[in-house]
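What you see is a predicted model; the values in this text were computed from it and never measured. Keep in mind that the numbers below use all heavy atoms, side chains included, and drop hydrogens, waters and symmetry copies.
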Amino acid sequence: MDPKLYMAAADGGNIHALQVFDEIPNQLTPKKNTALHIVAQFGQAEFVEKILQLFSPSSLLQQRNAKSDTPVLLAAREGHSTVVSMSNEEGDTALHEAVRYHHSEVVKLLIEEDTEFSYGANYEGNTPFYIAADRGFRDLVQRSTLGSVVSMRLSSSLEIKKEVEVI
């Protein structure tokens, strides 16, 4: 990877530096990280958006480095919730999109990586669980992916409600 590209991605200083590099998807660090891996790892949300606008997002998001980490995994590991929970203009997060297009393994991965993140409704009021149920994706609703997250959150909110009623 060009050192100038790496520095721009790591420090988030000059977003316009990305536009100089036509071959961003093909430039890799020695550990096989793409520019998207670098910006996600360092929590550069503005750079993440820019890279995804300039290049094909699906291939970049799924590209794994030498340790088989995706950019989202690196962001989650480093605690950059703004990168992991980014949403589009409809308010859809990565989980909404993974559910909508029935990418079961991606759904499982997102939920396992960030068990504390609250996957709420998008701007239309649809949660990932609702989208799965509405589209008839029983495997996502029933198996230990979305179903367990919803039941876990429902039971914890009911416990809180019970405690409030007792007081």
Side-chain angles (χ1 to χ4, degrees), residues 1-123 126-129 131-132 140 143-146 148-150 152-153 156:
M1 175 177 288
D2 186 299
K4 291 178 185 173
L5 174 60
Y6 182 89
M7 292 306 296
D11 72 15
N14 184 3
I15 199 162
H16 300 292
L18 292 178
Q19 295 170 333
V20 174
F21 298 96
D22 295 332
E23 298 295 319
I24 286 180
N26 299 327
Q27 292 201 34
L28 302 174
T29 67
K31 293 182 180 182
K32 307 288 187 226
N33 286 315
T34 64
L36 189 57
H37 283 92
I38 304 302
V39 297
Q41 181 178 3
F42 287 97
Q44 307 295 342
E46 191 176 351
F47 268 59
V48 170
E49 288 180 27
K50 191 66 169 176
I51 289 174
L52 294 178
Q53 288 170 2
L54 292 172
F55 303 98
S56 171
S58 61
S59 62
L60 277 173
L61 286 170
Q62 295 175 16
Q63 190 163 345
R64 296 180 179 273
N65 65 13
K67 291 185 175 182
S68 291
D69 293 329
T70 63
V72 173
L73 282 172
L74 288 178
R77 181 178 302 135
E78 298 297 325
H80 299 301
S81 60
T82 56
V83 173
V84 176
S85 63
M86 289 175 67
S87 61
N88 63 16
E89 59 191 31
E90 285 88 31
D92 290 327
T93 63
L95 184 61
H96 285 90
E97 292 297 318
V99 168
R100 181 172 287 115
Y101 295 101
H102 202 226
H103 298 297
S104 303
E105 290 304 311
V106 176
V107 170
K108 183 178 177 185
L109 178 86
L110 289 169
I111 290 171
E112 287 175 355
E113 283 302 314
D114 197 356
T115 57
E116 299 300 315
F117 183 72
S118 175
Y119 293 100
N122 61 15
Y123 299 142
N126 298 328
T127 64
F129 185 80
I131 293 168
L140 296 181
R143 83 176 39 176
S144 63
T145 53
L146 290 172
S148 67
V149 170
V150 169
M152 178 180 68
R153 295 207 174 111
S156 69

Reported [atom1]-to-[atom2] distance for the pair [X] and [Y], which is rounded to 0.5 angstrom:
X: Leu73; Y: His37; atom1: CG; atom2: NE2; result: 8.0 Å
X: Lys67; Y: Asn33; atom1: NZ; atom2: CG; result: 9.5 Å
X: Ile38; Y: Phe47; atom1: CD1; atom2: CZ; result: 12.0 Å
X: Tyr6; Y: Gln27; atom1: OH; atom2: CD; result: 13.5 Å

Answer whether the closest heavy-atom distance between the side chains of [X] and [Y] falls below 4.5 Å.
X: Asn65; Y: Lys31; value: no
X: Arg100; Y: Asn122; value: yes
X: Glu97; Y: Asp92; value: yes

Self-check item: Step-by-step side chain to side chain contact (heavy atoms under 4.5 Å, CB included) determination, Gln63 to Thr34
Solution: CA-CA 8 Å; Gln63 190 163 345; Thr34 64; 3.5 Å; yes
Quiz item: Within the distance-only criterion (no hydrogens, no angle test), does the side chain of His96 pair as donor or acceptor with the backbone N or O of Asn126 below 3.5 angstrom?
Solution: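 A pair under 3.5 Å: yes.
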Exercise. May I ask you to decide whether Arg64 forms a salt bridge with Asp69, counting only side-chain N to carboxylate O separations under 4.0 Å?
Key: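 Salt bridge between Arg64 and Asp69, a charged N being under 4.0 Å from a carboxylate O: no.
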Quiz prompt | Smallest separation among heavy atoms of Pro128 and Val99, with atom names | solution =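 So the minimum-distance heavy-atom pair works out to O-CG1, 3.3 Å.
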Exercise. Measure across Ala40 and Pro71 and return the closest heavy-atom pair with its distance rounded to 0.1 Å.
Key: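 Nearest heavy atoms, Ala40 then Pro71: CB-O, 3.3 Å.
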Practice problem: Under the side chain to side chain contact (heavy atoms under 4.5 Å, CB included) rule, what do Thr29 and Met1 come out as? Steps first, then yes or no, please. | Solution: CA-CA 5 Å; Thr29 67; Met1 175 177 288; 4.0 Å; yes
